[in-house]
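Working notes for the structure below.
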Amino acid sequence: MKPIIYQVFTRLFGNKNSTNKKWGTIEENGVGKMNDFDDAVLGRIKKLGATHVWFTGVIRHASQTDYSSHGIPRQHPDVVKGVAGSPYAIADYYDIDPDIATDTDKRMEEWLALIERTHKAGMKVVMDFVPNHVAREYKSICRPEGVKDLGEDDATDRQFAHDNNFYYIPAPLDLSNVNVGTDGVPYKEYPARATGNDVFSATPSRNDWYETVKLNYGTDYCDAGGRSEHFHPIPDTWDKMTDILLFWARKGVDAFRCDMAEMVPAEFWAWATDKVKFLFPEVRFIGEVYNPLEYRRYIAAGFDWLYDKVGMYDCVRDVICNRCHASDITAQWQNAGDMLGRMLYFLENHDEQRIASDFFAADARRGIPGLIVCALFNKGPFMLYAGQEFGERGMDEEGFSGTDGRTTIFDYWCVDTLRRGYFDRRHLRKEEREIEESYRRILTLANEERAVSDGKCYDLMYVNQHIADRQFAFLRKNDNDTLLVVANFDDNKAECDINIPRHAFDFLKMSDSVSTATNLLTGSDMVLKLTAESPVHLTIPPLGGVVLKFKS
């Protein structure tokens, strides 16, 4: 089965409070809970075609909301982005975020119950692992007995030490360039620590990850002779972070989406993934790696799937926005070579702008042909972001996030499309239902059709340059089942003559034939004459496609 990963921002997903006050508190705007993912909700996600659910923002992170009455340390507002805080400013790797618990003191039990419900629904659980940085005021109150906290034994009088967990700067932290603007006693830190985005200065800017501090995996970034690596003996951070992975794997987590994986040495990943997979061989690692030149290093280091952002995502986005030709997609999969099945395709996630936003395509329907290509072209996984299937626009001005075409990860908010789509479907709009149905059809056939999940792929564009501008065509085949797929990125329907070369017949072991083909997107049948001597004539709907299934 082809992996289809459904990303949810857990704090937002189940929130039904539509007050949506800018910079609102949890009391004003409400918050979603783990218990909102009941059997019915998980069943609907499964029905969409998902095989995995990535529960984003589950581990406790820095927030301005006060849970000190439950023994949870308060975080200073100067070093928290937004009222709710960033899920990537981890405050305790061993704890569950209290915002998403119905009973704060039983938050771990609620997480374990959600894992169990998700498994019962027939899906696997993906959890964030944020290895590069932690919140400024990181302090674990839930670490197992005998586990030392990060930084507990650090030698803070030196910038770098092999077994230090953090990097230190011999000066007090100065947030004057950040303009945090909070009242009361300012946040103090001495010595200052390097930020998560590798700023080795005591005066980070507002555009830096100033609310986080970078973890030390044995790389000295400020060595007098230049950057140097100190991986032998194994640095203390390696042990601590591997233990965290094992802690969550033992709880039933099936996969880790590893944030900014390429900012952590590949040598650590090779060491850690080997230890995790020795005990839990089915656990998968998803790497957020943006540099194609590093792909092979991180796959060799144990990653199962890597983001294909600067290649396929950027290209398909440009095709959708009519900034490049559909045939340019060919070069992107060719660049991946033998890594093709390891590349994770997506059109949205929490970092990227929504397709329907004014900053991207302004219309969710324009993403459908891109979905057809990204979900059906290869065996590798496809990921979608909750709300994408309803055409969520991401055009709210929530607070810290601002109006940027993204759904906030810093603020308490209600995403109205999700509220309607999962908790108030009678108010779901006609166009939202239509987008959802398109996603369901495409994604379910992606993981049900063996030609997609296990079959060979053949790109037809080199013999179809006459459609290269706005259409993209390819074949998928497994055993006797073949799919002819044509995506149309144009606003108008396309009358296409699709050439299938003799080489495709030989490569896929097809024979000339006349058969009945079924369009899996509509259920309609047509007589298909398959031969290299004459093209297949097809009518492709605007902003859509055809997926013809036939025996060959």
Side-chain angles (χ1 to χ4, degrees), residues 1-7 49-52 54 124 126 128-129 254-264 266 269-270 273 283-320 324 326-352 355 367 369-385 388 442-443 446-447 449 451-459 461 472 474-476 478 483 485 487:
M1 183 174 286
K2 179 185 175 77
I4 305 293
I5 301 170
Y6 187 75
Q7 181 192 3
T51 60
H52 296 64
W54 167 16
K124 296 184 182 297
V126 182
D128 282 298
F129 178 59
D254 301 292
F256 294 98
R257 180 269 184 188
C258 301
D259 184 69
M260 297 307 298
E262 67 183 312
M263 296 184 76
V264 173
W269 290 116
T273 58
V283 166
R284 297 290 175 258
F285 285 84
I286 306 166
E288 186 185 19
V289 177
Y290 292 118
N291 183 358
L293 298 178
E294 296 289 336
Y295 287 170
R296 292 191 184 279
R297 285 187 68 220
Y298 283 85
I299 287 174
F303 279 95
D304 299 279
W305 305 317
L306 300 179
Y307 274 37
D308 196 334
K309 195 276 178 191
V310 300
M312 189 59 77
Y313 169 85
D314 285 350
C315 179
V316 173
R317 175 170 177 154
D318 282 345
V319 176
I320 291 170
C324 70
S327 58
D328 291 338
I329 293 170
T330 296
Q332 303 310 320
W333 71 260
Q334 288 177 334
N335 289 341
D338 61 347
M339 297 180 292
L340 184 60
R342 300 291 194 93
M343 304 313 295
L344 170 68
Y345 289 173
F346 58 90
L347 293 171
E348 287 186 7
N349 63 41
H350 68 277
D351 286 320
E352 308 301 337
I355 296 166
L371 173 68
I372 291 171
V373 173
C374 290
L376 304 183
F377 186 78
N378 74 24
K379 301 177 186 178
F382 176 77
M383 179 173 72
L384 70 156
Y385 191 26
Q388 179 179 344
I442 294 164
L443 296 178
N447 61 33
E449 291 294 331
V452 176
S453 60
D454 300 311
K456 291 182 178 180
C457 182
Y458 195 96
D459 188 330
M461 294 310 294
F472 187 80
F474 57 96
L475 292 164
R476 298 300 308 271
N478 183 72
L483 303 181
V485 184

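Along the sequence shown, residues carry numbers from 1.
- Taking SG of Cys374 as the start and CD1 of Ile442 as the end, the distance is 11.0 Å to the nearest 0.5 Å.
- Residues Pro381 and Gly341 come closest through the heavy atom pair CD-O, 4.1 Å.
- Considering NZ of Lys456 and NZ of Lys379, their distance stands at 9.0 Å, rounded to 0.5 Å.
- Not counting sequence neighbours, the partners of Ala50 by the side chain to side chain contact (heavy atoms under 4.5 Å, CB included) test are Tyr6, Ile45, Met123.
- With sequence neighbours excluded, the residues satisfying ring-ring contact (aromatic ring centres under 6.0 Å, His included) with Phe474 are Phe377, Phe472.
- In this structure, the side chains of Leu483 and Leu376 stay at 4.5 Å or more apart for every pair of heavy atoms.
- Val373 and Ala487 make their closest contact through CG2-CB, 3.9 Å (heavy atoms, listed as atom of the first residue, atom of the second, distance).
- Summarising the geometry of Tyr298 relative to Val264, their closest heavy-atom pair is OH-O, 2.9 Å, with the distance given to 0.1 Å.
- Looking at residues two or more places apart in sequence or on another chain, you find a side chain to side chain donor-acceptor pair (under 3.5 Å) between Asp314 and Lys309.
- Take Asn291 and apply the side chain to side chain contact (heavy atoms under 4.5 Å, CB included) test, not counting sequence neighbours, and it matches Glu262, Leu293, Glu294.
- Between Val289 and Ala261, the closest heavy-atom pair is CG2-CB, 4.1 Å.
- Trp333 and Asn378 form no side-chain donor-acceptor contact under 3.5 Å, judged by distance and modelled atom types alone.
- Interatomic distance, Thr273 OG1 to Arg284 CZ, rounded to the nearest 0.5 Å: 11.5 Å.
- A search for ring-ring contact (aromatic ring centres under 6.0 Å, His included) contacts involving Tyr313 returns Phe346, not counting sequence neighbours.
- The shortest non-hydrogen separation linking Cys324 to Val319 is SG-CG2, 3.5 Å.
- Partners of Tyr345 under the ring-ring contact (aromatic ring centres under 6.0 Å, His included) rule, at least two apart in sequence or in another chain, do not exist in this structure.
- Every residue two or more places apart in sequence or in another chain was checked for a ring-ring contact (aromatic ring centres under 6.0 Å, His included) with Phe382, and none qualifies.
- In this structure Ser327 satisfies the side chain to side chain donor-acceptor pair (under 3.5 Å) test with no other residue, sequence neighbours excluded.
- His350 contributes atom NE2, which lies 7.0 Å from atom CG of Asp128 (distance to the nearest 0.5 angstrom).
- The two residues Ala301 and Ala266 make their nearest non-hydrogen contact at CB-O, 3.4 Å.
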Residue pair Asp328, Met461: steps toward the side chain to side chain contact (heavy atoms under 4.5 Å, CB included) verdict: CA-CA 9 Å; Asp328 291 338; Met461 294 310 294; over 6 Å; no
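- Remark: side-chain polar atoms of Glu288 are paired, donor with acceptor, to backbone N or O of Met260 under 3.5 angstrom.
- For the side chain to side chain contact (heavy atoms under 4.5 Å, CB included) test, residues two or more places apart in sequence or in another chain that qualify with Asn447 are Met1, Lys2, Ile4, Thr51.
- Atom CE of Met383 sits about 4.0 Å away from atom OH of Tyr307, to the nearest 0.5 Å.
- Within the structure, salt bridge (charged side-chain N to carboxylate O under 4.0 Å, His left out) pairs that include any residue of residues 340-352 comprise Glu348-Arg354 (at least two apart or interchain).
- Taking the side chain as every heavy atom from C-beta outward, Leu384 and Leu443 approach each other to under 4.5 Å.
- Listed by chain and residue number, nothing satisfies the side chain to side chain donor-acceptor pair (under 3.5 Å) test with Trp305 (two or more places apart in sequence, or in another chain).
- For the pair Arg296 and Asp338, the minimum side-chain heavy-atom distance is below 4.5 Å.
- Residues that satisfy the side chain to side chain contact (heavy atoms under 4.5 Å, CB included) test with Asp254, not counting sequence neighbours, are His119, Lys124, Val125.
- Between atom CD of residue Gln388 and atom CG of residue Leu371 there is a gap of 7.0 Å, rounded to the nearest 0.5 Å.
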